[in-house]
Amino acid sequence: MDKVLAFLKDSYEEIKSNVTWPKYDELQKSSTLVLVASLIFAVLVGAVDFAFKNGMQYYYDLFRQ
């Protein structure tokens with residue numbers, strides 16, 4: 001238990017004194033970039049899923065008749 005408490009105390013001191021936190025405008029720019037990249041990735045994955053679903057449906061319908 002002493003090791004856990006020592007770890008938590010050391011972690012707190014490390015965060016308080018040695019970590020460089022980003023400025024608000026830099027954080028906002030990074031968050032916007034992540035949001036835009038995530039949306040682009042989601043649209044691309046959705047397009048591939050849509051194409052694959054319709055392609056497989058077309059392929060299966062060829063053999064159903």
Side-chain angles (χ1 to χ4, degrees):
M1 187 67 176
D2 290 335
K3 289 183 179 182
V4 173
L5 290 176
F7 173 76
L8 292 175
K9 286 179 184 177
D10 290 343
S11 297
Y12 178 74
E13 287 300 320
E14 181 80 19
I15 288 173
K16 193 169 77 172
S17 60
N18 296 335
V19 174
T20 304
W21 298 101
K23 302 289 182 214
Y24 182 75
D25 59 334
E26 183 182 338
L27 186 63
Q28 196 171 20
K29 288 177 187 176
S30 297
S31 298
T32 303
L33 178 65
V34 169
L35 177 65
V36 169
S38 298
L39 289 174
I40 291 170
F41 185 72
V43 168
L44 289 175
V45 169
V48 169
D49 182 56
F50 180 77
F52 186 74
K53 177 185 173 235
N54 288 332
M56 293 304 292
Q57 190 65 42
Y58 174 75
Y59 180 74
Y60 290 146
D61 286 344
L62 287 175
F63 294 106
R64 218 182 259 177
Q65 297 172 352

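Counting from 1, the numbers follow the sequence of the chain as shown.
Under the 4.5 Å side-chain heavy-atom criterion for Ile, Leu, Val, Met, Phe, Trp and Tyr, V34 and L39 are members of distinct hydrophobic clusters.
For residues 24-48, the set of pairs meeting the side-chain hydrogen bond (donor to acceptor under 3.5 Å, both in side chains) definition, not counting sequence neighbours, is empty. Within the structure, side-chain hydrogen bond (donor to acceptor under 3.5 Å, both in side chains) contacts touching residues 7-16 (residues at least two apart or in different chains) are E14-N18.
With side-chain heavy atoms closer than 4.5 Å counting as contact, directly or through intermediates, the hydrophobic cluster containing V36 also holds I40, L44.
Taking CG of D61 as the start and CE of M56 as the end, the distance is 11.0 Å to the nearest 0.5 Å.
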